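Okay, structure first, notes after.
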Amino acid sequence: MSQFSNATIVKAANVYYDGQVTSRTVILEDGSKVTLGIMLPGTYEFGTDGPEIMEILSGHLKVLLPGEESWQEIQGAHTFHVPAHSKFALEVFSVTDYCCSYPAE
């Protein structure tokens with residue numbers, strides 16, 4: 001899906017790592033939430049409360065998913081899933097545009 005219709009956008013930004021990673025929260029018509037963001041080059045680690053679906057829209061990065069021993073390289077559009085109550089690491093090489101969805105457990 002390239003756009004969201006009938007959505008509410010929260011004005012305040014979500015800012016991580018001194019502004020290197022930012023996003024905006026979008027509440028969809030059905031009450032579900034997504035975040036739309038940008039990651040600048042750097043190394044990051046994030047924790048999850050619930051499951052997450054990370055849709056990389058553009059960029060170049062590597063991700064180390066929970067339970068994995070090797071990094072997965074991503075260039076351009078790609079989607080990966082992160083389980084609830086886990087941590088994942090990212091090494092971002094170029095400005096990366098992403099959409100994160102939070103499905104019900």
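Everything quoted here is computed from the prediction, not taken from an experiment.
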Ignoring hydrogens and angles, tell me if any N or O in the side chain of [X] forms a donor-acceptor pair with the backbone of [Y] under 3.5 Å.
X: Tyr17; Y: Glu45; value: yes
X: Thr48; Y: Val82; value: no
X: Ser86; Y: Pro66; value: no

Taking all non-hydrogen atoms of both residues into account, name the closest pair between [X] and [Y] and its distance.
X: Leu40; Y: Gly19; answer: CD1-O, 4.3 Å
X: Lys33; Y: Tyr102; answer: O-CD1, 3.3 Å
X: Tyr98; Y: Met54; answer: CD1-CE, 3.8 Å
X: Leu64; Y: Ser70; answer: CD1-O, 3.5 Å
X: Val34; Y: Leu28; answer: CG1-CD1, 4.2 Å

Is there a side-chain contact between [X] and [Y] (heavy atoms, below 4.5 Å)?
X: Phe46; Y: Cys100; value: no
X: Pro51; Y: Pro83; value: no
X: Met39; Y: Leu90; value: yes
X: Phe93; Y: Gln75; value: no
X: Pro103; Y: Ile53; value: yes

[X] and [Y]: side-chain donor and acceptor closer than 3.5 Å?
X: His60; Y: Glu73; answer: yes
X: Asn14; Y: Thr35; answer: no
X: Tyr16; Y: Ser23; answer: no

Step-by-step ring-ring contact (aromatic ring centres under 6.0 Å, His included) determination, Phe88 to Tyr44: CA-CA 8 Å; Phe88 65 103; Tyr44 312 107; over 10 Å; no
CA sep, side-chain torsions, deciding dist, call: Thr96, Ile56, side-chain contact (heavy atoms from CB on, under 4.5 Å): CA-CA 7 Å; Thr96 297; Ile56 304 301; 3.8 Å; yes
Steps toward side-chain contact (heavy atoms from CB on, under 4.5 Å) verdict (Thr8, Val26): CA-CA 6 Å; Thr8 301; Val26 178; over 6 Å; no
Co-membership, hydrophobic cluster, residues Leu36 and Val10, 4.5 Å side-chain: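 Cluster IDs for Leu36 and Val10 differ.
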Value rounded to 0.5 Å, distance of CG in Leu65 from CD in Gln72: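 Spacing of CG (Leu65) from CD (Gln72) equals 6.0 Å.
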Side chain to side chain contact (heavy atoms under 4.5 Å, CB included) against Asp97, all qualifying residues, sequence neighbours excluded: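 For Asp97 the side chain to side chain contact (heavy atoms under 4.5 Å, CB included) partners, ignoring immediate neighbours, are Ile38, Leu57, Ser58.
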